[in-house]
Participant: 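Pasting in a structure now, in structure tokens, and then I'll have a few things to ask.
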Amino acid sequence: MTFEELNTLYQLPLFDLIQRSRQIHEENWPAAEVQLCTLLSIKTGGCSEDCSYCAQSARYKSGVDAERLMEKCDIMKRAEAARESGSTRFCMGAAWRGVREGTKRFEQVLDIVRDVSELGMEVCVTLGELGPSEAEKLKDAGVTAYNHNIDTSPEHYPKIVTTHTFQDRLNTIRHAQDAGMSICCGGILGLGETTEDRLKMLEVISSFNPQPESVPINSLMPMPGTPLAEKQGVDVFELVRIIALARLAVPKAKVRLSAGRTQLSEEAQALCFFAGANSIFYGDKLLTAKNPAIEKDLALIDRLGMKPQEPNRRLEAPDPDESRPAEPQLG
Ligand code: SAM
Ligand code: DTB
Ligand code: SF4
């Protein structure tokens with residue numbers, strides 16, 4: 001969907017926009033289901049990068065200490081507990097700039113993925129930058145989706161991160177897609193971006209070929225010690241509009257109401273689901289930040305008459321659409 005198309009939709013009265021996103025949602029996702037995904041930070045803190053929203057960057061005094069890669073047996077216990085609690089997707093995150101073939105830590109991650117993928121959940125990892133061979137090895141080890149967010153518009157990105165570029169992010173996404181992994185790609189609202197930046201971010205996300213399998217929409221969780229520590233929260237209706245646009249721009253993707261749910265009322269979350277969100281991070285911790293308690297989420301899903309979604313283990317990348325343009329390269 002082009003910027004102009006997104007902008008026209010964005011200007012609609014909120015209820016008209018939701019009416020459209022609801023219709024597309026029902027055509028593609030007829031059951032009232034929500035996907036439950038558990039996050040685990042398998043390697044926390046001490047990251048070389050300077051992403052100004054992130055508590056895990058070694059450059060900021062956020063109070064998050066650098067830790068080593070978790071032991072496989074501890075990760076397996078957490079993955080089994082996630083499955084027991086009804087989660088159908090297990091997402092492992094690492095505070096790295098990226099991974100390189102031939103390193104010990106990459107071999108360890110492959111070993112972890114092989115074992116976690118035996119548990120019957122979808123397996124997602126987010127490890128930073130990948131080359132083509134790393135992507136192939138991860139796919140072979142059993143990764144179903146690779147999470148790599150573009151976070152904001154190409155124009156706003158250099159104001160948020162300087163240690164790698166927006167084009168670096170696009171390259172990693174290309175490598176993951178070429179290896180046959182599905183892509184989970186979204187962004188963060190509340191980084192000081194304009195509405196135009198938000199729409200441009202969605203324009204890029206919707207232009208991927210194939211389109212992402214899931215689109216996480218995070219609201220900034222301001223982290224003490226980071227440059228964005230004092231940023232104001234995102235307006236709820238702005239969040240709902242962006243969710244509705246994501247549903248319209250990427251109709252077959254799971255739209256994940258991601259970081260920041262602790263700041264949302266249950267009514268606001270219900271409106272997000274109505275507008276097109278159908279996935280959440282589930283469990284009382286994200287990577288380093290808080291998330292609503294499992295019991296609270298299950299009660300909300302039940303009160304709304306929704307059901308947790310079954311896992312889709314065979315998840316292949318959607319077929320590339322020949323009529324779509326190749327994804328944008330920055331000049
Ligand atoms: N290091 C890898 C990378 O940057 O791709 C993976 C982990 S990184 C923490 C994953 C994503 O978490 C980021 O791209 C960003 O969208 C989200 N994130 C990190 N800190 C956040 C915060 N304080 N508030 C909201 N989202 C955040
Ligand atoms: C995504 O888009 N959001 C998740 C996951 N992908 C890796 C991470 C949210 C992190 C929130 C801040 C924290 O826990 O430190
Ligand atoms: Fe490192 Fe990822 Fe945090 Fe950036 S977002 S500082 S790359 S962990």
Side-chain angles (χ1 to χ4, degrees), residues 35 37-60 62-67 69 89-99 105 109 124-130 145-152 156-157 160-166 168-173 176 183-193 201 205 212-231 233-234 239 246 253-264 277 279-292:
Q35 181 195 37
C37 311
T38 300
L39 261 179
L40 178 66
S41 179
I42 61 169
K43 196 285 170 196
T44 304
C47 183
S48 61
E49 303 306 284
D50 70 354
C51 312
S52 46
Y53 50 78
C54 187
Q56 303 198 67
S57 167
R59 296 168 193 244
Y60 315 127
S62 66
V64 172
D65 295 329
E67 293 173 15
L69 180 62
R89 180 157 169 146
F90 194 63
C91 310
M92 293 174 278
W96 286 325
R97 180 196 166 105
V99 284
R105 74 183 189 194
V109 169
C124 175
V125 287
T126 180
L127 312 168
E129 215 165 278
L130 296 181
Y146 195 75
N147 167 243
H148 204 62
N149 292 340
I150 57 168
D151 283 333
T152 188
H156 195 58
Y157 198 79
I160 301 298
V161 182
T162 69
T163 46
H164 57 262
T165 65
F166 194 85
D168 292 334
R169 303 293 285 182
L170 298 182
N171 294 345
T172 291
I173 290 167
I183 280 293
C184 166
C185 180
I188 313 181
L189 307 183
L191 303 174
E193 74 284 357
M201 173 179 91
I205 290 172
E213 171 272 333
S214 46
V215 179
I217 303 294
N218 296 278
S219 299
L220 176 72
M221 301 187 78
M223 296 296 182
T226 64
L228 301 181
E230 305 302 329
K231 276 271 179 274
V234 178
L239 170 64
K254 269 159 287 199
V255 174
R256 188 166 303 119
L257 178 59
S258 300
R261 284 198 301 120
T262 44
Q263 297 307 310
L264 291 180
S279 176
I280 54 171
F281 287 121
Y282 173 68
D284 61 7
K285 202 168 173 199
L286 293 165
L287 294 173
T288 70
K290 279 198 175 138
N291 200 41

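Just so you know, ligand 1 is whichever comes first in the structure, and atom 1 is the first atom listed for that ligand.
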Participant: Check Ser219 against ligand 1 and report side chain, backbone, both or neither, counting heavy atoms closer than 4.0 Å.
Facilitator: backbone
Participant: Would you mind checking which non-hydrogen protein atom is closest to atom 8 (S) of ligand 3, with the distance to 0.1 Å?
Facilitator: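 I find the closest protein heavy atom is Ala95 CA, 3.6 Å.
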Participant: With a 4.0 Å heavy-atom cut-off (strictly under), which part of Met223 contacts ligand 2: side chain, backbone, both or neither?
Facilitator: side chain
Participant: Suppose I only count heavy atoms of Met223 and a 4.0 Å limit; which atoms of ligand 1 are within that range?
Facilitator: 23 (N)
Participant: Just to confirm my output: which protein heavy-atom neighbour is closest to atom 4 (Fe) of ligand 3, and how far is it?
Facilitator: Cys51 SG, 2.3 Å
Participant: Is atom 20 (N) of ligand 1 close to the protein, meaning a heavy atom under 4.0 Å from it?
Facilitator: yes
Participant: How far is atom 5 (S) of ligand 3 from its nearest protein heavy atom, and which residue and atom name does that atom have?
Facilitator: Tyr53 OH, 3.5 Å
Participant: Considering Ala259, Gly45, Ala55 one by one, which has a heavy atom nearer to atom 11 (C) of ligand 2 than any of the others?
Facilitator: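 Shortest heavy-atom distance from atom 11 (C) of ligand 2: Ala259.
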Participant: Is the closest N or O pair between Gln56 and ligand 1 shorter than 3.5 Å?
Facilitator: no
Participant: So Tyr157 and Phe166, would you call those rings parallel, tilted or perpendicular, with 30° and 60° as cut-offs?
Facilitator: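 Because their plane-to-plane angle is over 60°, the rings of Tyr157 and Phe166 count as perpendicular.
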Participant: Picking from Asn149, Ile173, Ile150, what satisfies side chain to side chain contact (heavy atoms under 4.5 Å, CB included) with Ile205?
Facilitator: Ile150
Participant: For ligand 1, which atoms, with element, lie under 4.0 Å from some heavy atom of Leu287?
Facilitator: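 Matching atoms, with element in brackets: 9 (C).
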Participant: Test side-chain hydrogen bond (donor to acceptor under 3.5 Å, both in side chains) on Thr172 and Glu129; report intermediate values, then the result.
Facilitator: CA-CA 6 Å; Thr172 291; Glu129 215 165 278; 5.3 Å; no
Participant: What do you think, any protein heavy atom under 4.0 angstrom from atom 2 (Fe) of ligand 3?
Facilitator: no
Participant: Would you mind telling me if ligand 2 is within reach of the side chain of Asn147, the backbone, both or neither, using heavy atoms under 4.0 Å?
Facilitator: side chain
